[in-house]
Amino acid sequence: MQEAGAHEECSDAPRHVAIIMDGNGRWAAKRGLPRLEGHRRGVEALRRTVRAAIELEIRYLTIYSFSSENWRRPAAEIGDLFGLLRIFVRRDLADLHARAVKVRFIGSRQGLPADIADLLGEAENLTCANEGLTLVVAFNYGARQEILAAARAIAQAARRGDLEPGLLDEQGFAAFLDTAGIPDPDLLIRTSGEQRLSNFLLWQSAYAELVFMPVLWPDFDGAALASAINEFRSRDRRFGGLASRAPSLKERA
Ligand code: FPP
């Protein structure tokens with residue numbers, strides 16, 4: 001969802017940062033360690049990044065923790081990633097809550113172990129009234145799947161007579177996405193040197209500034225986040241127009 005005037009109000013700091021946390025496996029391989037160790041260090045990097053995001057007054061931080069395509073990994077690694085999510089939610093939830101973080105999960109809950117689905121709901125319920133950083137965890141998430149689900153829901157609403165297809169606009173469509181109510185990312189970071197989006201926030205990142213960094217995710221920290229934000233600040237965001245600011249929705253119409 002792109003809110004009217006969102007960029008005029010704070011043109012030089014990103015309100016929403018999204019991160020593809022890549023390179024855990026390579027970090028471990030370089031040290032002769034099992035991949036799980038890379039993922040464990042990845043959770044530590046996540047903790048550092050959340051604290052840095054709060055200090056930098058970022059309003060929304062979205063992280064790609066488990067993609068719809070990660071099911072193609074060996075069962076043991078999938079089990080490890082689920083285990084780390086359990087630990088992250090159980091151990092860190094109280095601390096996140098104390099820091100006024102609002103936790104939200106995007107992605108499909110179908111196919112997830114029941115205890116994980118329950119944990120996600122628990123974390124969202126506990127923190128739903130918090131007004132600090134919104135931490136959006138993309139878990140079992142794929143952008144194409146998200147867009148397809150929205151298209152299906154829209155078609156069903158139209159068939160019921162609840163929605164007039166000809167009147168559907170971008171904002172109306174975005175309200176059917178998992179990210180409904182969350183502004184679009186301003187800055188999208190991918191670590192590890194890979195330069196692709198890998199089915200992450202494809203609709204929402206239409207005008208995000210992309211920053212690809214060579215650092216492997218377990219080595220990411222507040223300084224790396226600050227450096228990505230400096231790069232973001234140096235960019236000239238024109239949103240298809242000529243001026244360095246976002247047009248309002250009215251202007252875009
Ligand atoms: C990419 O590294 C990372 C992932 C697939 C998972 C990201 C997960 C974490 C940072 C830890 C878990 C966090 C939570 C909240 C559960 P990769 O394995 O693709 O690395 P590689 O490309 O070097 O092999």
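When a ligand or atom number is given, it counts from 1 through the structure's own listing order. Just so you know, these numbers use all the heavy atoms, side chains as well, and skip hydrogens, waters and symmetry mates.
With respect to atom 1 (C) of ligand 1, the closest heavy atom belonging to the protein is M21 O, 3.2 Å. Residue, atom and distance of the protein heavy atom nearest to atom 12 (C) of ligand 1 are V43 CG2, 3.8 Å. When only non-hydrogen protein atoms are considered, atom 6 (C) of ligand 1 lies nearest to S65 O, 3.4 Å. Here the protein heavy atom with the shortest distance to atom 9 (C) of ligand 1 is N24 ND2, 3.6 Å. The protein heavy-atom contact nearest to atom 22 (O) of ligand 1 is R26 NH2, 2.9 Å.
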Open item on the list: The test is side chain to side chain contact (heavy atoms under 4.5 Å, CB included); show your working for L135 and K102 and say whether it passes.
Closed with: CA-CA 6 Å; L135 175 64; K102 180 174 182 163; over 6 Å; no
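Atoms of ligand 1 lying under 4.0 Å from any heavy atom of N70, numbered from 1 in the order shown and given with element: 5 (C). Close approach to R73 involves these atoms of ligand 1, each under 4.0 Å from a residue heavy atom: 5 (C), 17 (P), 18 (O), 19 (O). The atoms of ligand 1 that sit less than 4.0 Å from any heavy atom of H39 are 11 (C), 18 (O). Residue contact check: W217 has heavy atoms under 4.0 Å from atoms 10 (C) of ligand 1. Using a 4.0 Å cut-off to heavy atoms of G25, the atoms of ligand 1 that qualify are 17 (P), 18 (O), 20 (O), 21 (P), 23 (O), 24 (O).
Hydrophobic clustering (ILVMFWY, side-chain heavy atoms < 4.5 Å, transitive): I63 and I87 are in distinct clusters.
For F88, no nitrogen or oxygen atom sits less than 3.5 Å from a nitrogen or oxygen atom of ligand 1, counting backbone and side chain alike.
Under 4.0 Å from ligand 1, not a single heavy atom of R40 appears. When non-hydrogen atoms are compared, ligand 1 lies under 4.0 Å from the side chain of L46 (C-beta onward) but not from its backbone. For R35, every heavy-atom contact with ligand 1 shorter than 4.0 Å involves the side chain, none the backbone.
For F82 and F66, the ring centers are positioned less than 6.0 Å apart.
Residues meeting the ring-ring contact (aromatic ring centres under 6.0 Å, His included) test with F88, sequence neighbours left out: none. In this view, D95 and R99 satisfy the salt bridge (charged side-chain N to carboxylate O under 4.0 Å, His left out) rule, not counting sequence neighbours.
Note on ring orientation: taking the six-membered ring where Trp is involved, the planes of F200 and Y141 are perpendicular (angle over 60°, cut-offs 30° and 60°).
Across every non-hydrogen atom of F212 and R196, the tightest pair is CE2-N, 3.8 Å.
In this structure, R73 fails the cation-pi test against W71, since its NZ or CZ atom is not both closer than 6.0 Å to the six-membered ring centre and inside 45 degrees of the ring normal.
Salt bridge status for R59 with E57: absent, with no side-chain N to carboxylate O gap under 4.0 Å.
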